[in-house]
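Below is one structure, written out as structure tokens; comments come after it.
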Amino acid sequence: MSRPVKTTSYMSPVWFRADLPRESAVGYWAGPHARIAGRLPNMAEYVQRHFSPTDHGYWPSSPTVGTTVPANWRCDGVAEVRFGSTVAALAMPMHMREVYLDEQNLFERVLRQVTGPGGGRWWTDGHDDAVGHRTVLRRRRGVRGRAFRAYVHDRIGPALHEAGARDLRTYTFLPWSRFVHPTLGVGHDTPTFRRYHGSVVVGADSRAAVEELLKSEQVAGIVADQHIGPDGRLRLHRGTERAGRPSVTPSRVSPGFRGGRVQPQLQAVVGKAA
């Protein structure tokens, strides 16, 4: 793929219910809940990314950019949905009733992060059966949204693509709103200083391959300037992903990461895996 394809997508960081065994919640999300979500129309791709409770913080840190995920804000995974068009995304809420009602069976909190029309970039051909690493980004206050979007799509994306990422997507989100995901019986609260403004999903052959990718000249250039601007911090985690196509129960499972914020334009980066 010579040029990235623009996409309209959303990502939902999720926290399992504290009163459920983790194994039960993971199984329900990958099974019954995935089958319900897989029946939704208008999706080009549906992926579950299950995070590890222990492996996180893989992105290199730099002055004022933190990569440590706070113990009290480590979500258990992320649901990633890509739509065929903006019209398809706008029509989705009217079909979500069954999904909304089922969320209370396993989730304690769900935060839906939505891109604007064409707010995502798909840099590689198809979803690869590779290790998935997710980095979520926070924009520093005082940094304009346009500058942040340019940094994510025109700086981070090309650098990781040139460095050899097998699967690569970059996303920037619209301002968070509690009205985007009005599920009853599930929390949607998120402090202002915890809200995410973008995300990068990277695929590699293995955990070791990720380390090599991070040592590349291209990524070193990102790390060297990610702290430029007002103070900021960064965070990260590792996790497995369960990926599925529309109407198909997620079936692939491979190690992955979740992330936090980045900046020159960045304040933090976060990643996690299961």
Check whether Arg17 reaches the backbone of Asn105 with its side chain - one donor and one acceptor, N or O, closer than 3.5 Å.
yes
Give a yes or no on whether a salt bridge exists between Asp154 and Arg149, defined as a side-chain N under 4.0 angstrom from a carboxylate O.
no
Minimum-distance pair of heavy atoms, taken over all atoms of Gln48 and Ala34:
NE2-CB, 3.4 Å
Under 4.0 Å between a side-chain nitrogen and a carboxylate oxygen: does that hold for Arg169 and Glu45?
yes
Is the His33 ring parallel, tilted or perpendicular to the Tyr28 ring (thresholds 30°, 60°)?
tilted
Restricting to pairs with a member in residues 206-226, which pass ring pair (Phe, Tyr, Trp, His ring centres under 6.0 Å), not counting sequence neighbours?
none
Are any side-chain N or O atoms of His161 and backbone N or O atoms of Leu168, one a donor and one an acceptor, separated by less than 3.5 Å?
no
For the side chain of His197 and the backbone of Thr172, is there at least one donor-acceptor N/O pair under 3.5 Å apart?
no
Distance-only donor-acceptor check, side chains Thr8 and Thr86, under 3.5 Å
yes
Distance-only, no hydrogens or angles: does the Glu108 side chain make a donor-acceptor pair with backbone N or O of Ala18 under 3.5 Å?
yes
With sequence neighbours left out, the residues meeting salt bridge (Lys or Arg N to Asp or Glu O under 4.0 Å) with Glu98 are Arg39
Closer than 3.5 angstrom, by distance alone: can the side chain of Thr183 be matched with the main-chain N or O of Val186 as a donor-acceptor pair?
no
Examine distances only and state if a side-chain atom of Gln104 and a backbone atom of Leu101 form a donor-acceptor pair shorter than 3.5 Å.
yes
Compare every heavy atom of Ala44 with every heavy atom of Gly84, then report the nearest pair and how far apart it is.
N-CB, 4.0 Å
